[in-house]
There are 2 protein chains.
Amino acid sequence: MSLMIQDSVRILQAQGYKVTRPRKQVLGVLDQAQKPLSPYDVQRLLGERGKYLNHVTIYRILDLFCRLNLAHRVLSSGGFVKCILGKKEGCHRFMVCRRCGTIQEFADGGLCREESRLAEDFGFHAEYHLSESYGLCASCYRLEES
Amino acid sequence: MSLMIQDSVRILQAQGYKVTRPRKQVLGVLDQAQKPLSPYDVQRLLGERGKYLNHVTIYRILDLFCRLNLAHRVLSSGGFVKCILGKKEGCHRFMVCRRCGTIQEFADGGLCREESRLAEDFGFHAEYHLSESYGLCASCYRLEES
DNA sequence: TGCTAAATGCAACAACGTTGCAATGGAGTC
DNA sequence: GACTCCATTGCAACGTTGTTGCATTTAGCA
Ligand SMILES: [Mn+2]
Ligand SMILES: [Mn+2]
Ligand SMILES: [Zn+2]
Ligand SMILES: [Zn+2]
């Protein structure tokens with residue numbers, strides 16, 4: 001993980017947002033999970049640790065994190081994951097394992113340019129790309145060879 | 001549009017599915033819309049034409065169409081669009097205009113191969129890609145130059 | 001024209017998401 | 001540390017979206 005919780009806290013402060021207990025709790029849950037979490041997933045996981053947050057609060061916190069690019073919404077599942085790339089060039093993409101559900105974030109400037117160039121052929125001016133590769137992660141691929 | 005309603009009807013028959021009045025009605029609505037439609041959008045549009053379908057029926061019909069690749073779910077909005085590419089090589093991608101909401105479907109085998117190759121660098125075996133470019137369509141781009 | 005499996009409608013429910021407003025608490029100031 | 005202020009949170013109520021089981025209808029075929 002290149003982007004730590006402490007980095008996220010600093011970004012919140014820098015933008016004038018308060019670093020509250022609920023926000024730190026949600027950051028912690030997102031940081032531990034390797035899979036996308038729905039707002040209600042976050043609530044359940046916190047509940048198991050004896051922490052309670054109202055679901056409205058969780059929605060608002062996740063919205064904020066997405067606006068600040070501290071987290072992303074994974075489209076295929078609707079869940080949220082912590083961003084680990086920071087300001088790396090190119091749109092942030094995901095590889096989603098269909099077997100274990102784990103998520104890997106990556107980015108590639110060249111791929112983005114190629115994608116935008118293709119759209120240009122249709123007269124379309126792309127501003128960003130949403131992209132998820134669906135398949136098998138390395139370890140699940142080995143298991144599937146049985 | 002390269003794929004017509006009649007083609008969809010033939011695919012339904014060929015796979016042993018009945019060509020019912022509700023299915024033809026949903027096909028008709030999807031065919032006319034240039035934007036992704038939610039199941040309830042479909043219900044509203046049919047309602048305006050004096051046709052009634054239960055929402056459960058619409059959900060089931062859209063699920064079927066997606067399984068047969070007669071339609072796709074557009075992830076960013078959650079709506080459904082009719083597929084116009086048929087069996088064209090490469091995963092079917094979308095360009096979504098942020099101003100007018102229109103959808104353009106396209107595919108490119110080379111882009112898919114490049115995307116899979118990049119995933120392979122992480123040990124990930126991609127089986128298909130979900131991809132949406134977000135920006136301005138040709139006509140909205142001209143208007144935005146004001 | 002009837003038969004039958006597939007498809008639809010209905011009712012009830014479950015999950016997900018939103019809004020307005022009152023209560024709380026982070027962070028700066030004294 | 002205590003005080004203050006406004007962002008943030010909790011609560012309650014509601015609206016939308018999606019699901020399940022079962023009775024009824026109908027497309028496709030003999
Ligand atoms: Mn990211
Ligand atoms: Mn298609
Ligand atoms: Zn896996
Ligand atoms: Zn447009």
Side-chain angles (χ1 to χ4, degrees), chain A residues 5-6 8-30 35-47 49-68 70-81, chain B residues 5-6 8-30 35-47 49-68 70-81:
Chain A
I5 290 189
Q6 212 175 336
S8 303
V9 166
R10 235 173 278 124
I11 291 172
L12 280 176
Q13 288 173 330
Q15 310 270 354
Y17 294 100
K18 293 184 178 175
V19 179
T20 64
R21 202 183 42 151
R23 285 176 181 167
K24 282 185 285 190
Q25 287 172 342
V26 173
L27 272 180
V29 170
L30 285 183
K35 315 180 180 187
L37 301 178
S38 76
Y40 287 98
D41 288 336
V42 172
Q43 193 178 46
R44 264 168 239 130
L45 287 170
L46 284 172
R49 301 184 191 176
K51 321 279 187 183
Y52 169 79
L53 287 186
N54 187 278
H55 71 277
V56 181
T57 299
I58 297 172
Y59 275 95
R60 298 197 267 227
I61 288 175
L62 290 172
D63 283 353
L64 175 65
F65 288 178
C66 285
R67 286 201 302 277
L68 299 179
L70 302 179
H72 303 295
R73 179 190 275 276
V74 177
L75 295 172
S76 53
S77 63
F80 295 83
V81 290
Chain B
I5 291 190
Q6 211 173 338
S8 302
V9 167
R10 236 173 278 123
I11 290 171
L12 279 176
Q13 288 174 328
Q15 310 270 355
Y17 294 99
K18 293 183 177 176
V19 179
T20 64
R21 201 184 41 155
R23 283 175 182 168
K24 282 185 287 191
Q25 288 173 339
V26 173
L27 272 179
V29 171
L30 286 183
K35 313 180 181 189
L37 301 178
S38 75
Y40 286 97
D41 288 336
V42 172
Q43 192 178 46
R44 263 168 241 130
L45 288 170
L46 284 171
R49 301 183 192 176
K51 320 280 187 184
Y52 170 79
L53 288 186
N54 187 278
H55 72 278
V56 181
T57 299
I58 298 173
Y59 275 94
R60 297 196 268 229
I61 288 175
L62 290 172
D63 283 352
L64 175 65
F65 287 178
C66 284
R67 285 200 303 277
L68 298 179
L70 302 179
H72 304 293
R73 177 190 277 275
V74 178
L75 295 172
S76 54
S77 64
F80 294 85
V81 290

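A note on names: the letters A, B, ... follow the listed sequences, proteins ahead of strands, and every chain is numbered from 1.
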Geometric class of the B/Tyr40/B/His55 ring pair [parallel <30°, tilted 30-60°, perpendicular >60°]: parallel
Note down the inter-axis angle between the two ends of the helix from C/dT1-D/dA30 to C/dC30-D/dG1, five pairs each, to the nearest 10°. 30°
Between [N] ([atom2]) and [X] ([atom1]): distance, integer Å:
X: A/Asn54; N: C/dG20; atom1: CG; atom2: C1'; value: 14 Å
X: B/Asp41; N: D/dT17; atom1: CG; atom2: P; value: 8 Å
X: A/Leu68; N: D/dT8; atom1: CG; atom2: C1'; value: 15 Å
X: A/Ile61; N: D/dG10; atom1: CD1; atom2: C1'; value: 12 Å
X: B/Gln43; N: D/dT17; atom1: CD; atom2: C1'; value: 12 Å
X: B/Leu46; N: C/dT8; atom1: CG; atom2: P; value: 13 Å
X: B/Leu62; N: C/dA7; atom1: CG; atom2: C1'; value: 15 Å
X: B/Ile58; N: D/dT16; atom1: CD1; atom2: C1'; value: 15 Å

Distance in Å, [X] [atom1] paired with [Y] [atom2], rounded so as to fall on 0.5 Å steps:
X: A/Asp41; Y: A/Phe80; atom1: CG; atom2: CZ; result: 11.0 Å
X: A/Lys18; Y: A/Arg23; atom1: NZ; atom2: CZ; result: 9.0 Å
X: B/Leu70; Y: B/Ile61; atom1: CG; atom2: CD1; result: 12.0 Å

Between [X] and [Y], which heavy-atom pair has the shortest distance, and what is it?
X: A/Val81; Y: A/Pro36; result: CG1-CA, 3.5 Å
X: A/Arg73; Y: A/Gly78; result: NH1-O, 3.2 Å
X: B/Ile5; Y: B/Gly28; result: CD1-CA, 4.0 Å
X: A/Leu53; Y: A/Gln43; result: O-NE2, 2.8 Å

Can you give one letter per nucleotide of nucleotides 18-23 of chain D, going 5' to 3': B for a protein heavy atom under 4.0 Å from the base, S for sugar-phosphate only, - for none? BBBB--
Can you find a heavy atom in the side chain of B/Leu12 that is under 4.5 Å from one in the side chain of B/Leu64? yes
For nucleotides 24-28 of chain D, print each protein N/O atom paired with a nucleotide N/O atom at under 3.5 Å, atom names and distance only.
from	atom 1	to	atom 2	distance (Å)
D/dA27	N3	B/Lys18	NZ	3.0
D/dG28	OP1	B/Val19	N	2.8

Can A/Leu30 and A/Leu62 be said to form a side chain to side chain contact (heavy atoms under 4.5 Å, CB included), step by step? CA-CA 10 Å; A/Leu30 285 183; A/Leu62 290 172; 4.0 Å; yes
Does atom CD of A/Gln6 have more than 12 heavy-atom neighbours from other groups under 6.0 Å away? no
Are any of B/Arg23's side-chain N or O atoms less than 4.0 Å away from OP1 or OP2 of C/dA6? no
